[in-house]
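The structure under discussion appears below in the form of structure tokens.
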Protein chains: 2
Amino acid sequence: MQNSFITALTHFSPLSEASQQALAAVSRRLVLEKGHVLVNAGMVSDYIYFIEQGLSRTYYLKEGREVTDWLSADGEIAGSIVSFISRQPDQRIVQLLEPSVVWAVSYGSLETLYAHHHDLERLGRLLVSHGLLQLQHRFDALHMASALERYQGLLANRPALIQRVPLGMLASYLGITSETLSRIRAQV
Amino acid sequence: MQNSFITALTHFSPLSEASQQALAAVSRRLVLEKGHVLVNAGMVSDYIYFIEQGLSRTYYLKEGREVTDWLSADGEIAGSIVSFISRQPDQRIVQLLEPSVVWAVSYGSLETLYAHHHDLERLGRLLVSHGLLQLQHRFDALHMASALERYQGLLANRPALIQRVPLGMLASYLGITSETLSRIRAQV
DNA sequence: GCAATCCTTTGACAATTGTCAAAAAATTAG
DNA sequence: CTAATTTTTTGACAATTGTCAAAGGATTGC
């Protein structure tokens, strides 16, 4: 077991030596600068990313404004998940907010690996399940919650993001405006 | 291929005869009345359900009010997904809104099937992926959207629900109050 | 290091949505 | 079928949040 990416994955589910090597063979490690765009809008995203170190933001434009959909930091998965899974174009853009080290795996190579290695297919299922839990948790945090509750939830669950992500992006991540978040911050 | 449940699943991914039979052997078909509680709050949910016909609502209490988290109709999966996946207790309750015919499969039997049938593990991955897409779609529909936009989104995407689900439940499903939804309906 | 740019804060005000209460309508149970 | 219960609608008002504009800070690039 050689790299941080595969080490992190095996914490979800064990992998045979063969599977680890096959996965390592199709993963590429990228050292990228802040601002680099991992996925552009309007295309089918062919890659999924694992952030060894750094920070990415997934966002889209709604009525000319950027809406932050997701934030991924060290040890997490990043990408335009909807497009990657559905194999359809999507308007989401994925951009690095910090200089980052990421691992990239293509959809096609994953498909091949899944077909040949049951343990990787299982790992894939568990990773998607984990993603679903995370998304549901995020959904719950916004559902029927006030702007203050949303901010407090973020503070409780992902405090590091508050330091690392510009306020405007955090605001739309929470489904509120920058002005409202700025005022909440001033009060609390 | 004998039942509607397995037929629906094979539309996601093909299953060998052996897998189909193994799955059929652990699935139970239930004919239940309106109001029946499939999953109670505070416990680990051991079953996942497929609704052959009918309608279920997943909800929880927040400050004494019911918050509708999910609605599942004919041909869809129902249950307390968070608890089922995480194997942790959850406050969500799943209740039938109509007399329904559902198929139930236990977590334990699914685990066993996954371990022995790669094609079922793949199907599981694809089902969870599909669930993730649905949840993301629902999230997007509420993110940075007004009450009117949310209602119009529901009207566009799941018009049947508006006929079948009481207004109060639809309102909290959309993250708004009953009064607001009632007024939107009166205007549009 | 400094100018230019971008981001955040603050203010004034408007729009949206929530709250509480009561009436009207619909549904349920006997 | 009718009474009881629950749900939906409506009204009056309050609270929250959004919008626009401008000032103040911070960051970036040369």
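Chain letters run A, B, ... following the sequence lines, proteins first, then strands; residues in each count from 1.
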Worksheet item: To the nearest angstrom, how far is B/E98 atom CD from C/dT28 atom C1'?
Response: 16 Å
Discussion item. Tell me the interatomic distance from B/I162, atom CD1, to D/dT8, atom C1', rounded to whole angstroms.
Written reply: 16 Å
Worksheet item: For B/E33 and C/dT28, what is the distance between atoms CD and C1' respectively, to the nearest whole Å?
Response: 14 Å
Fill in: Atom-to-atom span, CG of A/L167 to P of C/dC6 - whole angstrom
17 Å
Discussion item. Between P on C/dT9 and CG on A/L170, what's the gap in Å once rounded to a whole number?
Written reply: 11 Å
Response to the item:
Expected string for nucleotides 18-30 of chain D under the B/S/- scheme (protein heavy atoms, under 4.0 Å, primed atoms plus P, OP1, OP2 as sugar-phosphate) is SBB-------S--
Worksheet item: How about A/R164: does its CZ atom have over 12 heavy atoms from other parts shown lying under 6.0 Å from it?
Response: yes
Worksheet item: Given side chains that start at C-beta, do those of A/L142 and B/F139 come closer than 4.5 Å, heavy atoms only?
Response: yes
Item to complete: Salt-bridge test for B/R87 and B/E111: reply yes if a basic N is under 4.0 Å from a carboxylate O, no otherwise.
Response: no
Item to complete: Rounded off to whole Å, could you give me the CD-to-C1' distance for the B/E149 and D/dT17 pair?
Response: 15 Å
Discussion item. With rounding to the nearest 0.5 angstrom, report the CZ to CG distance, B/R29 to B/L32.
Written reply: 10.5 Å
Practice prompt. Over 60° means perpendicular and under 30° means parallel, so classify the ring planes of B/F5 and B/W103, tilted if in between.
Written response: parallel
Worksheet item: Between C/dT27 atom P and B/R164 atom CZ, what is the distance in whole Å?
Response: 16 Å
Discussion item. Less than 4.5 Å apart, side chain to side chain, heavy atoms only: is that true for B/N157 and B/H137?
Written reply: yes
Worksheet item: Choosing from C/dT9, D/dT8, D/dT17, which nucleotide comes nearest the side chain of A/S146?
Response: D/dT17
Fill in: First of A/L148 and B/V165 reached from the 5' end of DNA chain D, by closest nucleotide
B/V165
Worksheet item: CE of B/M169 versus P of C/dT27: gap in Å, rounded?
Response: 13 Å
